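Working notes, beginning with the structure itself.
Letters A, B, ... mirror the listed sequences (proteins, then strands); counts begin at 1. The structure presented is a predicted model; accordingly, all values stated were derived computationally and were not measured.
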There are 2 protein chains.
Amino acid sequence: MSRTPHHPTREQIELPMVLDCLSDPIRLAIVYQLAQQERVSSELRCSDFSALSGKSNLAYHFAKLRECGLMQTRVAGTNRFMRLRREDLEARFPGLLDAVLSSAAKDAERLPLVSGCDLIEVDRK
Amino acid sequence: MSRTPHHPTREQIELPMVLDCLSDPIRLAIVYQLAQQERVSSELRCSDFSALSGKSNLAYHFAKLRECGLMQTRVAGTNRFMRLRREDLEARFPGLLDAVLSSAAKDAERLPLVSGCDLIEVDRK
DNA sequence: TCGATAGTTCAATGAATCTTGAACATAGGG
DNA sequence: CCCTATGTTCAAGATTCATTGAACTATCGA
């Protein structure tokens, strides 16, 4: 559990995998919330997403989001801090992430996008 | 077989379904080829995609593309003419389709995007 | 009317996916 | 040093998905 999880390099990011990752409502909500958080701190803990599903199911979705290159995990003590790989995504597929995010924002009422917690208070490390 | 297949209304188009549709390489290739074709005629027959897979598998993917609102089918005799629902997509999720298409174009070598037939000669009806 | 063509529909199979709970590993606080 | 909190991993289940071939429908042309 101590090693940093595997992430693909920028060039290894594949379009179908990215789209497939974003097509799951829970993962879309995770990415959406991470994007919202970028204005404040750019990182969130796993437990910040507990409203979306159970721990073990979230770990499964986190793994998929890492494997497809959408986000990165930094291990710090017993916490994992996740952040969007925005620069890599933008270099690889310009405009794609923002187009998906603004589409998701437009449909916020229909999607399980983080009911309640708009922005999360941050005070860490 | 004579009735026009079901299509969702503009407002019924859902983001996760659209992304899921586009995450399949064959469907992405279909959409990509339809977009290429827009410069010439905006419509293609089912058989124009026969390089991608067999007839019955293509019918399966066409159905998914219709159900999620990405394309429309017009029945004309024994042919079906398909075209992108670009205006509806643009109204619903502005910029999304173009972002995906330009991302696909950037990765054209990695994707099964219509080997060979760049643009298809059109002379119909 | 007969035959060929264009697509769909159906059934079946194997693969992949999502979800859950239990067990596990690791770090931090008393 | 124990106890707790944070996440991961594993096994199992149910569901969905992609692919294939065969059967079918409907239209057009000779």
Side-chain angles (χ1 to χ4, degrees), chain A residues 1-7 14 16-30 34 43-68 71-83 111-112 120 123-125, chain B residues 1-7 14 16-31 34 43-68 70-83 111-112 120 123-125:
Chain A
M1 179 180 173
S2 55
R3 80 182 190 292
T4 296
H6 168 263
H7 301 85
E14 303 278 355
M17 289 186 67
V18 169
L19 295 175
D20 186 52
C21 253
L22 294 171
S23 74
D24 182 279
I26 288 184
R27 290 193 293 263
L28 182 58
I30 292 170
L34 277 172
E43 282 185 329
L44 282 178
R45 284 194 304 264
C46 297
S47 59
D48 291 326
F49 302 93
S50 56
L52 293 170
S53 186
K55 286 199 319 181
S56 106
N57 193 24
L58 284 178
Y60 164 75
H61 287 299
F62 291 148
K64 299 219 92 174
L65 285 164
R66 279 193 302 261
E67 285 160 19
C68 85
M71 68 178 214
Q72 198 166 26
T73 301
R74 177 175 67 87
V75 178
T78 153
N79 291 317
R80 260 103 170 132
F81 290 98
M82 5 228 19
R83 66 162 229 270
L111 299 168
I120 291 168
D123 175 30
R124 54 184 57 132
K125 259 280 205 23
Chain B
M1 177 181 175
S2 53
R3 80 180 189 293
T4 296
H6 169 261
H7 301 84
E14 303 277 354
M17 288 186 68
V18 169
L19 295 176
D20 186 53
C21 253
L22 294 171
S23 73
D24 181 277
I26 288 185
R27 290 193 291 262
L28 182 58
I30 292 171
V31 169
L34 277 173
E43 281 186 329
L44 283 177
R45 284 193 305 263
C46 297
S47 60
D48 291 327
F49 302 93
S50 57
L52 292 170
S53 187
K55 285 200 318 178
S56 105
N57 193 25
L58 283 179
Y60 164 75
H61 288 298
F62 291 149
K64 298 218 93 175
L65 286 165
R66 278 192 302 262
E67 286 161 17
C68 87
L70 269 167
M71 67 178 215
Q72 198 166 24
T73 301
R74 177 174 65 88
V75 178
T78 156
N79 291 317
R80 261 100 172 136
F81 290 98
M82 5 225 22
R83 68 161 227 271
L111 299 168
I120 291 168
D123 176 29
R124 52 184 60 129
K125 255 281 202 20

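Residues S47(A) and S50(A) share a closest heavy-atom pair of O-OG, 3.1 Å. Taking every heavy atom of both residues into account, S23(B) and P16(A) meet most closely at O-CB, 3.4 Å. Contact record, L111(A) with L28(A): CD1-CD2, 3.9 Å, taken as the closest heavy-atom pair. Of all the heavy atoms in P112(A) and A29(A), the pair that sits closest is O-CB, 3.6 Å. When all heavy atoms of K64(A) and C21(A) are compared, the closest pair comes out as O-SG, 3.3 Å.
Computed from coordinates, the L44(B) CG to dG7(C) P distance equals 11 Å when rounded to whole Å. At whole-Å resolution of the value, CZ in F62(A) and P in dT17(C) are 18 Å apart. One atom, CG of L22(A), and another, C1' of dT17(C), lie 16 Å apart when rounded to the nearest Å. Taking atom CZ of R74(B) as the reference point, atom P of dT8(C) lies 14 Å away to the nearest angstrom. Atom CG of D48(B) is separated from atom P of dT5(C) by 16 Å (rounded to the nearest Å). Atoms CZ (F81(A)) and C1' (dA27(C)) sit 13 Å apart, rounded to a whole Å. At whole-Å resolution of the value, NZ in K55(A) and C1' in dG21(C) are 11 Å apart. In this structure, the CG atom of L19(B) is 17 Å from the C1' atom of dC17(D), given to the nearest Å.
Between N79(B) and dG7(C) there is a side-chain polar atom (N or O) within less than 4.0 angstrom of OP1 or OP2. Taking side-chain N and O atoms only, R66(A) has a distance below 4.0 Å to OP1 or OP2 of dT8(D). Distances shown here put a side-chain N or O of R80(A) below 4.0 Å from the OP1 or OP2 atom of dT8(D).
Rounded to 10°, the angle separating the first-five-pair axis and the last-five-pair axis of the helix from dT19(C)-dA12(D) to dG30(C)-dC1(D) equals 10°.
Side-chain atoms of L34(B) and L70(B), non-hydrogen and from C-beta on, never get closer than 4.5 Å to each other. Using a 4.5 Å heavy-atom threshold, the side chains of D48(A) and R45(A) count as touching. Proximity of F62(B) to I30(B): side-chain heavy atoms (C-beta onward) are separated by under 4.5 Å at one or more points.
Of the residues R83(B), H7(B), R66(B), E43(B), the one that meets the side chain to side chain donor-acceptor pair (under 3.5 Å) test with Q72(B) is R83(B).
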Output one line per pair: protein atom, nucleotide atom from nucleotides 18-20 of chain D, and distance, for all N/O pairs under 3.5 Å.
from: dA18(D); atom 1: OP1; to: R27(B); atom 2: NH1; distance (Å): 3.3
from: dA18(D); atom 1: OP1; to: R27(B); atom 2: NH2; distance (Å): 2.9
from: dA18(D); atom 1: OP2; to: Y60(B); atom 2: OH; distance (Å): 2.1
from: dT19(D); atom 1: OP2; to: N57(B); atom 2: ND2; distance (Å): 3.2
from: dT19(D); atom 1: OP2; to: H61(B); atom 2: NE2; distance (Å): 2.8
from: dT19(D); atom 1: O5'; to: N57(B); atom 2: ND2; distance (Å): 3.4

